[in-house]
Amino acid sequence: MGSLRVGIVGLPNAGKTTLLNALSRAGALVAAYPFTTVDPNVGVVDVPDQRLDAIADLAGCDRRVPATVRFVDIAGLVEGASKGEGLGNKFLAHIREVDAVVHVVRAFEAPDISHVTGTLDPVRDVELVDTELLLSDIEMVGRMLQKARRDAKGGDRESKARADALVSLEELVGQEPVNRRDLEERRLLGLAMEAGLLSVKPTIIVLNVGEDRESSDRYEGEIRSWAEKRDIPVLVANAEIEAELSELDHEEALEFEREMGIDEESLSRVIRASYEMLGLITFFSIDSGECRAWPVPKGSYATYAAGRIHTDFEKGFVKAEAVHYQDFLSCGCFAAAREEGMLRVEGREYVVQDGDVIHFKFAT
Ligand SMILES: Nc1nc2c(ncn2[C@@H]2O[C@H](COP(=O)(O)OP(=O)(O)O)[C@@H](O)[C@H]2O)c(=O)[nH]1
Ligand SMILES: [Mg+2]
């Protein structure tokens with residue numbers, strides 16, 4: 001699942017890079033596992049999960065491998081990006097490739113850090129970015145429509161149907177805000193996905209607040225009422241402080257958080273929300289002293305899950321022995337779970353559930 005990615009977008013100086021740095025280190029801090037940076041713009045971030053520790057403690061595993069989310073810092077969005085301003089086209093190409101979006105919005109005051117739009121106004125900023133993405137989508141659908149019309153000229157029925165569908169999609173994308181439900185109802189979601197429409201990608205907003213509580217609360221209220229109408233979740237973080245905190249050791253960080261009255265969960269929430277946005281659930285494996293959390297898309301079959309661990313597991317799949325982690329915790333081990341009738345024997349098409357602890361049997 002290493003290929004699923006969350007793109008971090010936002011205006012320059014909104015705090016994207018700061019957030020990515022904080023996330024990368026925070027993930028490592030929470031799970032005490034080294035993060036890997038593939039390139040400076042990409043952070044592979046551990047997903048904090050207390051279930052992993054609980055299972056590993058009980059099973060006596062020394063090694064714990066959490067699930068990860070890959071975040072990509074996508075710089076270069078400015079007003080006019082859809083017309084190729086700034087890094088516009090390059091930016092838009094990168095963001096089309098991600099599976100979900102974290103939109104960082106600046107809500108911190110800092111006279112020395114310039115603001116591209118002049119003044120602090122999170123709702124205006126979020127709308128500006130939103131508009132660029134929308135314009136770019138409209139252009140994208142327009143181009144696809146032109147091509148479909150050309151193809152349809154020959155009288156080809158499929159191309160004609162495609163052109164008709166694109167006309168409907170164009171209408172829908174033109175009226176903000178588009179949502180997945182509308183698209184699904186009108187059977188246009190597949191086409192929207194093919195186009196990589198930005199306005200349809202699962203999105204959360206991270207409001208990057210400063211230290212002044214009063215103005216933070218005000219901005220938060222404004223952003224929330226904007227986002228609510230669009231079904232976009234809002235999370236609040238102070239990226240700069242989080243980045244500084246992530247350089248301290250765990251005890252120091254806790255102390256500092258208490259003093260500052262900071263919500264220690266803010267980064268974990270961003271990571272978890274991103275994970276869920278990607279449509280991922282977690283199953284666990286225990287093997288030779290290693291307990292591992294595996295991300296799979298919701299609705300995955302047991303055979304697919306097996307293949308995550310090893311291609312041999314998928315090819316030679318015989319059965320999956322599964323126990324929900326709560327039952328695993330109450331029984332203490334696989335053998336006890338089997339005795340108490342908690343261990344389920346599942347076949348190839350078993351739909352893996354979030355929190356399953358699974359042992360695969362396979363033949364070579
Ligand atoms: N005061 C304050 N400064 C911040 C905060 N977040 C980021 N910055 C600073 O703002 C500048 C731009 O941040 P950066 O992460 O590079 O923004 P990007 O352009 O969106 O990647 C840097 O100097 C950061 O240290 C914050 O929450 N509070
Ligand atoms: Mg940056």
Side-chain angles (χ1 to χ4, degrees), residues 5-27 35 37-43 45 70-81 85-88 90-95 98 101-130 132-133 198 203-220 222-223 234-248 253 256-257 259-271 274:
R5 286 173 303 167
V6 179
I8 303 179
V9 307
L11 293 177
N13 284 350
K16 299 181 292 298
T17 305
T18 310
L19 180 68
L20 181 71
N21 290 339
L23 284 173
S24 304
R25 289 197 224 103
F35 72 96
T37 299
V38 183
D39 102 28
N41 299 323
V42 179
V45 176
R70 192 173 296 246
F71 287 90
V72 192
D73 180 357
I74 309 180
L77 182 73
V78 291
E79 189 160 16
E85 291 291 324
L87 296 170
K90 199 170 157 211
F91 165 84
L92 292 165
H94 282 141
I95 189 186
V98 302
V101 173
V102 165
H103 183 163
V104 180
V105 184
R106 176 167 171 175
F108 65 88
E109 322 245 6
D112 52 325
I113 297 163
S114 76
H115 201 294
V116 275
T117 43
T119 51
L120 197 55
D121 186 345
V123 170
R124 181 210 47 208
D125 287 359
V126 94
E127 284 194 325
L128 191 155
V129 170
D130 209 51
E132 288 304 326
L133 301 185
L198 309 172
T203 300
I204 52 175
I205 289 174
V206 172
L207 191 70
N208 185 12
V209 297
E211 280 158 54
D212 184 304
R213 263 295 149 88
E214 214 174 288
S215 60
S216 299
D217 288 349
R218 180 160 39 86
Y219 293 133
E220 185 184 340
E222 289 172 14
I223 281 286
V234 176
L235 296 169
V236 177
N238 183 326
E240 176 128 293
I241 295 225
E242 294 294 348
E244 280 168 19
L245 277 174
S246 60
E247 285 178 15
L248 304 177
F256 188 66
E257 278 167 349
E259 274 170 25
M260 303 273 299
I262 295 171
D263 176 7
E264 58 183 289
E265 292 296 315
S266 71
L267 289 186
S268 298
R269 277 202 206 104
V270 173
I271 301 169
S274 301

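Order of listing sets the numbers, starting from 1, for every ligand and every atom in it. Below, all heavy atoms of this structure are taken into account, side chains as well, without hydrogens, waters or symmetry copies. Starting from 1, each residue takes its place in the sequence as its number.
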How many protein N, O or S atoms sit closer than 2.8 Å to the Mg ion (ligand 2)?
1
Contact summary for I223 and V234, nearest pair of heavy atoms:
CG2-CG2, 3.7 Å
Any chance the side chains of D121 and H115 put a donor and an acceptor closer than 3.5 Å?
no
If you take all heavy atoms of A239 and A22, which pair is closest and at what distance?
O-CB, 4.2 Å
Results of side-chain hydrogen bond (donor to acceptor under 3.5 Å, both in side chains) for E220 - residues two or more places apart only
R224
Minimum heavy-atom distance between P122 and L207, given as atom pair plus value
CB-CD1, 4.1 Å
Any idea which heavy atoms bring N13 and S114 closest together, and the distance?
ND2-O, 2.9 Å
Do you know which two heavy atoms are closest between I95 and I74, and how far apart they sit?
CA-CD1, 3.8 Å
Give me the atom names and distance for the closest heavy-atom approach of A237 to V206.
CB-CG1, 4.1 Å
Report the residues that fulfil side-chain hydrogen bond (donor to acceptor under 3.5 Å, both in side chains) with R218, sequence neighbours left out, ordered by chain and then residue number.
none
Can you tell me which residues line ligand 1 if we count any heavy atom under 4.0 angstrom from one of its atoms, in chain and number order?
L11, P12, N13, A14, G15, K16, T17, T18, F108, I113, N208, V209, N238, A239, E240
